[in-house]
Amino acid sequence: MANRHDKEPGPGAAGLRRLRGFQDLRAEQARAAERVETVCRQVARLHNAAEIRIPALEPLELYRRTSGESSDVVEKQMFAFALREPDDDEQSGADNTIAPAGQSPGHPELAAWAALRPEGTPGVVRAYVEAGLDRSDPEQRLYYLGPMFRRERPQKGRFRQFTQFGVEIFGRPDPLCDAELIEMVDEIARPLGVALRFEVNSLGCPVCRPAFRAALLEYGRARLESLCADCRRRLERNPLRLLDCKTDVEVASQAPQTLDFLCVECRAHFVALGKLLGAVGLNFEVNPRLVRGLDYYCRTAFEAASPALGAQNAVAAGGRYDGLVEALGGAAVAGSGFALGVERMALLLPAEPAGDGPEVALIALGERAVEQAVAMARGLRALGLGVETLAPTRSLKAMLRRADRSGARYAVIVGERELERDVVQLRDLRQSSQREVRTAELAAVLGGQGVA
RNA sequence: GUGAGUGUAGCUCAGUUGGCAGAGCACCGGGUUGUGGCCUCGGUGGUCGAGGGUUCAAGUCCCUUCACUCACCCCA
């Protein structure tokens, strides 16, 4: 186990290899990711969420405004580009320039800067406001599924491009909607055979958070000496981070807790949420040290994690972000949502036996049989049967071997001897039985086998 | 950005005190004039991550570098 490493990808014909932190998902990995995505879409449908497809590239300013200036996402994790239209700068051949890594563009026109989305929520909110839904029809349930990009150092479960499924509910300030979002994560994990641990917390709201923040700040300042280096650095800028410090569990566990500072409304919301989750039988723990990295969260925060994942163990996380829509120039509309890491969930899927191959492997034996074989393949596919065709450049033995390995149930052999008599050999690869079938009857025979 | 670990065939890995580059799996073919799997015999496939140094001789020792993996950080 200690010696098991993926090797660096070998250089291709042109010495090209994939970028660091990017991955090719093949075979089982691709199938696992697809299964996760399929279940995500099903659950979205069951909760009446509509898909929204938004750009992967947005104005950099969108993420600066929503993710918070101090968060790591904006600080150093984004792939940012300077956009230049061809006519803007005729003499230069370079139309797009990649911004230096991690460097904040000091460009006056921020619209000229774009970033690959590090998360889905800002884009969805932007689209929601841009379409005027905040005024015309505020209550919306939207889901998205697609790639996100973060310029982080890769490790297990963490990639520079990864896929997120996310649901955002607008115009619903009630705890019922928060509970439903958490349920959705559970409803995705269960049919996939994945056990997740749910943690829930309340971060308070603009009314009660200042007092909590002040208390935390005071607590931190009082024991500046005993704080770890990271926490000391973070204390003034984002004191909430103190709570999930892993190096110094002592300090973190003794610190003031949000739950002790909640205002009446926040407390009621949190209690109601707990009751609703209990009512549907969803097990969860209250984790008073659970915080969110992004500034716009308020009240409900939750996380679903698996110990099987290693250090990056969060599979899904979310919470309430009342005020975000307003911050992006929309009306004062409540919002709540979550995002789920498709690849992380896929890593947790129990191994699945390889899927079935095609129903038929069509073997053309000899050049003269190719045309006939092509026509037959087309006809069989029109009936909904999967067909793998094999070129007649190899021996029959080799073609049958390929047919066997493709997982096909039947091999249909069309040779020159068969052509003359207008028949084919229909071989059952599982039973090793073979019979001759009239070409005209092949479709009916295969169709009637119930092989689909 | 920081730290540690690992780089030998497509994959998983052996490779002794420095002495001709190996196995298993996979792939291709023979054992069948047109019949898969199992078996059997054979074959293709390597800048030993890269560069430099020591040495008669380096996969092996030294230096540098790159990549990957895991962890910190952060997060899905």
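Numbers restart at 1 for each chain; the letters A, B, ... are given by sequence-line order, proteins then strands.
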To the nearest angstrom, how far is [X] atom [atom1] from [N] atom [atom2]?
| X | N | atom1 | atom2 | result |
| --- | --- | --- | --- | --- |
| A/L396 | B/G37 | CG | P | 12 Å |
| A/F22 | B/C68 | CZ | P | 12 Å |
| A/L19 | B/C68 | CG | P | 9 Å |
| A/Q77 | B/A76 | CD | C1' | 12 Å |
| A/R409 | B/G37 | CZ | P | 19 Å |
| A/R430 | B/G37 | CZ | C1' | 14 Å |
| A/R26 | B/G10 | CZ | P | 14 Å |

From C-beta outward on [X], which listed nucleotide comes closest to its side chain: [options]?
| X | options | answer |
| --- | --- | --- |
| A/A398 | B/G36, B/G29, B/G34 | B/G29 |
| A/R158 | B/G36, B/C73, B/U35 | B/C73 |
| A/Q312 | B/C70, B/C75, B/U35 | B/C75 |
| A/R17 | B/A67, B/G34, B/A76 | B/A67 |

Taking OP1 and OP2 of [N], is either one under 4.0 Å from a side-chain nitrogen or oxygen of [X]?
| X | N | result |
| --- | --- | --- |
| A/R405 | B/C28 | yes |
| A/Q155 | B/A71 | yes |
| A/R401 | B/G29 | yes |
| A/R153 | B/G1 | no |

Could you tell me whether [X] contacts a base, only the sugar-phosphate backbone, or nothing, with contacts defined as non-hydrogen atoms closer than 4.0 Å?
| X | value |
| --- | --- |
| A/G366 | nothing |
| A/A403 | nothing |
| A/K397 | base |
| A/E418 | base |
| A/R402 | sugar-phosphate |
| A/I363 | nothing |

For this session: Between B/C73 and B/A4, how far apart are the C1' atoms? Round to whole Å, please.
Result: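 Taking atom C1' in both B/A4 and B/C73, they lie 15 Å apart.
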State whether [X] and [Y] are salt-bridged, where the test is any N-O pair (Lys NZ or Arg NE/NH1/NH2 against Asp/Glu carboxylate O) under 4.0 Å.
| X | Y | result |
| --- | --- | --- |
| A/E416 | A/R368 | yes |
| A/E51 | A/R45 | no |
| A/D178 | A/R320 | yes |
| A/R160 | A/E152 | no |

For this session: Drop me the distance from A/F170's CZ to A/S336's OG, to the nearest 0.5 angstrom.
Result: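 Between atom CZ of A/F170 and atom OG of A/S336 there are 10.0 Å.
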Exercise. Going from CG on A/D428 to OH on A/Y410, what distance comes out if it is rounded to the nearest 0.5 angstrom?
Worked result: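 It comes to 5.0 Å.
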For this session: Tell whether A/Q434 reaches the base of B/U35 with its side chain through a donor-acceptor pair below 3.5 angstrom.
Result: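 Answer is yes: a donor-acceptor pair is held.
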Problem set entry | Sub-4.0 Å heavy-atom contacts from residues 341-350 of chain A onto RNA chain B, ordered by number |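 Within this stretch, A/G341, A/R344 sit under 4.0 Å of the strand.
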Problem set entry | Nearest-nucleotide comparison on RNA chain B, the residue closer to the 5′ end among A/S395 and A/S433 |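 So the residue in question is A/S395.
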Exercise. Which comes earlier along RNA chain B counting from the 5' end, the contact point of A/R20 or that of A/L340, where each point is its nearest nucleotide?
Worked result: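 Nearer the 5' end of the strand: A/R20.
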Could you tabulate the donor-acceptor pairs under 3.5 Å formed by side-chain atoms of residues 32-39 of chain A, not counting sequence neighbours?
residue, atom, partner, partner atom, Å
A/E34, OE2, A/T38, OG1, 3.4
A/T38, OG1, A/E34, O, 2.9

Exercise. In terms of the angle between their ring planes, are A/F79 and A/F149 parallel, tilted or perpendicular, with boundaries placed at 30° and 60°?
Worked result: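 A/F79 and A/F149: perpendicular rings.
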Exercise. Judged by modelled atom types alone, do A/E436 and A/Q425 share a side-chain donor-acceptor pair under 3.5 Å?
Worked result: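 Yes, a side-chain donor-acceptor pair sits under 3.5 Å.
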